[in-house]
Structures are given as structure tokens and as C-alpha cells.
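Everything below concerns the one structure shown next.
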Amino acid sequence: MPKALTNISAIVILTLIGIFVCYIHYFSFDFPYQDDVTLLEFINSTQNTPWNWSHFFQSLFRVDNDHSIVIPRLITWVDYLIFGQVNFQHLILVTLGELILILYLLYRLFKRQQIHLVYFIPVAFLWLQPQYHEVSNWAITGLQHGHVTLFLLASLLFITEDKAYALAWAITLAFLASFTFGNGFIVFIALAYVYLLQKNWKNALIVGICLMLFFACYLQIYQMGQAAKFHWNINHILFSFLGFIGASAMEFPKIGLVLSWFIGFLVVSIFIFYSIDHGKFNLKNKDQGTYLGILTFILFSAGLIALVRSAENYTIYSRFQLYAALSIIIVYLHILLHTNKRFHSFLLIGTLLYCIPFYCLSFFNHSIAQQYQKMSFLADRINWKNNQCILSVSSGFLWNAKPIILEAENNRVYSMNYPWDNPFQHQEAISLPKESLTFQAKEYKEIMRQKHATWINHYYWLEFQHFPFSTEFKKQWFIILQSTNQHANSYILPIQFALNGKKNFLSMENYRANYGSIKINHESLKAGNYEMYLWNLDPENPASKNRLYALKQLMQVDTSLHTLKLN
């Protein structure tokens, strides 16, 4: 193919990388979100004087919620040693580097097939998108799933490229993956499966013995966690299993769930067919062995997740959609391997017809949630400094996280800057007519059942049907709750706008609709009456130009009755 096409392909891939890097950097924020506090808890535990190595390793290998997260803890500790404080934005950037490195390892696999660079473009489209934003923009989840995937690819490359001491390096990486996240031990299974396909019984046995050795060590420190629930529902488990594998299709409206089941079934069928084919005819085909090893990991991971997370309903989480994207990539590369070169262009066009709409829909569907999460983190910082509360999560989570964050601040392990320029000091609030913005309070209660506890997650949504001002993407709108008692502090909450319709967006309307809601975990508020203000925080304008509007409605919070009322 002409050199110009190579250059164009390289430009397209590098552009997609650049977009992905800028996107993650824009939405990343230094804030301990939910499970991130376990990383702070580990750093808190290292602040003993004198230094105690025994306590350090005990805390390092401690199992939290069924996972031994040694590698994420070590990375957090290194960040703390280098910078003097933990910075969660740094940890997200580490994950970003891992995701780009994984793309490079996929390119290494692709390059072994000796085909033109243009055929790698679908891989970049499928990988560099925000569907799995719980990995790319959540510190602890990124450090877990990013590292496990990286260790998987690196270990398989070692044993299929005949590197020196390949088996030793692969087993070492498998141990690291196993002490990164709960499904990391499946890397051992993937390695053993590749050796079994090659009929290398000796190495397969060695890997199996190492897996047993890992479990023998792991059971010594294992404690039953909260998330896993083993309620047998074959229907939920089977369809969640297929849905996890094909979850990239969830971006397509109306047909997403059914299409994800179909793709999952297709991936499983291809895996079975080529496993049989490899065992009969292709023992020396290293590329196929590598692809089957990766699919082994994905299928076992999807089965494990479906088993422990699908007891009551179908469940497809963003963080696990990382493996859905990887499954499509591996199947595409695998089919390229077994397709006559004269049909490659048709396969390329067909894959692009799937992955380009998927790529665009992924950004369209998830950017609004990313912005809302960043606004929530900003509000949480302000609420923490004003009232030592975090309103983006349930009161139960706040009760667990609060002592950890307080200890981290006291030990100077972590600190939150104060991104708050009090709008009440710069201007008088502009009074809005009552009919211009009216909220309706809707109460929600969820019974949260886990193995060791059951509680009620109680919260309210303040819903509105018409927003009187512009909802363009760059504008950040918040509601400020100001107690009628002048000595009390105020609270701030982000407004979550609905996603505008695709047809409306394409006809040049705003990305966000002019209706939406505000979630209030009211049990974290102090009891009393609150005046409500609408605040436009525009980072590009000075504070004096960020308008403050007074609403006519009042909010009443009664903590004894656990109720919220609007007057």
C-alpha cells in the first residue's frame, strides 16, 4: 500500500490518542471517590513512629471487599513518597499511561501479522473511548483493572515470543495481577490454557502449581467481603455473562442489550471453534494462541463477575466494559489472522461501520456523566471544608469515609484545596419569579443487602421541567442551600441536566437538555430551613460575573423524621 496511506493511518491513530489524553485530563479531579478512601486508609496506617515493617506489610496485603489490592496501594504509597501527599489525579494519570501502553502491546500483537497499519485504526477507535470511564477516571478502579490487563498482555507476549526466562517472567506478572484485583488470578488460567493448546504439558503443570500456591497464600489473608452475593439465578448469570462480553453494544439505543447478548454469544462461539482448531492444526501459531489466551481471561472474568454480581438482576458495570472493548478488538485481530488478504478491506470497512458509531456514541452518552461527576467533586470539596460532609454519596458511605479523610488531613497525607469564592460576598442575589424554576421533591428508598449488613439508602431527587437559562456544556450550574440561621454554613449541589436527544443535538441544539434534577442525600444535611440559590460557576469569568439567583422555594430538612419538604 502507498506510504501516504501509512502516514494518514498514523495521523488518525495519534489523533485518537491525543483526544483521549485531553479528555481524561479534562475530566480528572483530585478527590477520593468512594473506594478510593481505602488507599488513604493504607497511607494513614504507614504513619507509625517508629517505622514498623510488619504492620506495613500486614496493611499492604490486607484483603478489602474480596480483593488484595497490593499494587494500587504500592503506587499510592510511591506517589505519597514523591510528592509528600496523595494526589488522586496523579493516580488517574498513571492509569492513562497504562491504557496507552496496553494499546502499544495490542499494536505489538498486530504487528506480528505483518499487515498494513490502516487495519489497526479500528483497534484505536474501540479502545480510546469513555465507555469504561469508571476505569479511566476513577483512581482505584483504574489502578486495578488497568494493571491486571497490562500484566495479562505482557505475560502472554513473554511466553509467545520466546523471550529469555519467559515462563518465570510470565508467572511473576501473574502473581502481580493476582495481588492487584480479584480476577487477577485468571491470568494464571490464561497462561495455562495457552500452554495446553501448545501441548506443552510441563509448563502448563508449572503454571497450575503456581496458581495453587497463590491460593494457598491468599486463603491465609482472605476475609469475606461485602459485594459478592451467591444467589443462583441461571437466567441472570447466563445473560449477564454474555452481556459483559458484548457490552460495547450497549451504546446503541434500543437494540443495545440484545446486541450485547448476540456479540457475547459470537465471541464465545469463536473462542470454542478456534480452540478446537488450534488443538488440531495450529500448534505453532503464536498469534492465535495469544488471542485465545486473552479471550480465556475475558470469558473467565465475565463468568466470575456474572456469578457474584448478577444474583438479583442483569448487571453491566462501566468498569467491566473495558473487557468488552478488548473482546471485540481480539476477535477482530483474530479474524484478520484467518482471513485471506483479499478480503481484509471488506473486514476493515465492516468493522469501521461498527466502531466509528460506537466511538461517537460513547463520547455522546458518557460525557454528560463525566461532567456531572467532576462538578460533584468540586461541590464535595466545598461542602467538606464548610461542613465536613460529602453530599455526592449516601450518608452510610460518609460515616465510613469521614474518619479516614480526617486522619489523612491531620497526618498531612491528603488535603483538599478550597475552590470556593463565596458568591454572597461579591453581589446581591437576583430574585427569580417562582414560576421560572420550580422543583418537585421525589423520595427514594433502596434496601441495600450485602452479606454482613442490610440498610436503607434514603435520598431525594429535586426535579425540574424547565431551566430558565442556557444549558450549554461549559456552564456549570449549582444550587446553594443557605440556612435561614445566619450562623450556619451553606451547602452546594451540582445540577444534573438530562441528555438532549441525538436528533436535537445534531440540529445544533444544546448537548444538555433544559430539564434535569438534583440528588440530595439529605441525611448528611443539618436539620433546619434553607433558602435556595441558583449559581452559575463559569471558570472563564471572574467571580463577580458568576451570577447568583434567589429562588422563591424554601427547603425544610427534618433529620429526626428523615424527611425533606419544599415550601
Mutual orientation of the aromatic rings belonging to [X] and [Y] [parallel < 30°, tilted 30-60°, perpendicular > 60°]:
{"X": "H145", "Y": "F320", "value": "perpendicular"}
{"X": "F56", "Y": "F42", "value": "tilted"}
{"X": "F83", "Y": "H90", "value": "tilted"}
{"X": "F179", "Y": "Y218", "value": "perpendicular"}
{"X": "F27", "Y": "Y23", "value": "perpendicular"}
{"X": "Y359", "Y": "F125", "value": "perpendicular"}

Problem - Of F273, Y274, Y291, the residue whose pairing with H338 passes ring pair (Phe, Tyr, Trp, His ring centres under 6.0 Å) - result: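 Among the candidates, only Y274 passes.
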For [Y] together with [X], are the ring centres under 6.0 Å from each other?
{"X": "W138", "Y": "F31", "value": "no"}
{"X": "W53", "Y": "F57", "value": "yes"}
{"X": "F377", "Y": "Y33", "value": "yes"}
{"X": "F271", "Y": "Y193", "value": "yes"}
{"X": "F244", "Y": "Y323", "value": "no"}

Answer yes or no: is there a side-chain heavy-atom contact under 4.5 Å between [X] and [Y]?
{"X": "F188", "Y": "C210", "value": "yes"}
{"X": "L326", "Y": "L106", "value": "yes"}
{"X": "V194", "Y": "T290", "value": "no"}
{"X": "L128", "Y": "L99", "value": "no"}
{"X": "I69", "Y": "T38", "value": "yes"}
{"X": "T351", "Y": "Y354", "value": "no"}
{"X": "I171", "Y": "Y165", "value": "no"}

Handout entry: From CA spacing to verdict: ring-ring contact (aromatic ring centres under 6.0 Å, His included), F88, F29
Key = CA-CA 7 Å; F88 289 92; F29 201 79; over 10 Å; no
Handout entry: For E41, salt bridge (Lys or Arg N to Asp or Glu O under 4.0 Å) partners two or more places apart
Key =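 With neighbours one apart ignored, the set is R62.
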Quick one: closest heavy-atom pair of [X] and [Y], and the distance?
{"X": "V135", "Y": "G146", "result": "CG1-N, 4.5 Å"}
{"X": "Q144", "Y": "P72", "result": "CG-CG, 3.9 Å"}
{"X": "A247", "Y": "A324", "result": "N-CB, 3.6 Å"}
{"X": "G293", "Y": "A190", "result": "O-CB, 3.3 Å"}
{"X": "S362", "Y": "E251", "result": "CA-OE1, 3.7 Å"}

Heavy-atom count around [X] [atom1] within 6.0 Å, excluding the residue itself: above 12?
{"X": "F215", "atom1": "CZ", "value": "yes"}
{"X": "Q388", "atom1": "CD", "value": "yes"}
{"X": "W77", "atom1": "CH2", "value": "yes"}

Are [X] and [Y] close enough that a side-chain donor and a side-chain acceptor fall under 3.5 Å?
{"X": "Q131", "Y": "H366", "result": "no"}
{"X": "S415", "Y": "Q85", "result": "yes"}
{"X": "Y414", "Y": "N44", "result": "no"}
{"X": "S28", "Y": "N137", "result": "no"}

Handout entry: F20: which of L16, I17, I24 passes side-chain contact (heavy atoms from CB on, under 4.5 Å)
Key = I24
Handout entry: Residue from L91, T95, D35 passing side-chain contact (heavy atoms from CB on, under 4.5 Å) with I140
Key =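 Among L91, T95, D35, the one that satisfies the side-chain contact (heavy atoms from CB on, under 4.5 Å) with I140 is D35.
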Practice task
Could you walk me through whether L109 and I294 pass side chain to side chain contact (heavy atoms under 4.5 Å, CB included), step by step?
Solution key: CA-CA 11 Å; L109 288 173; I294 296 170; 3.9 Å; yes
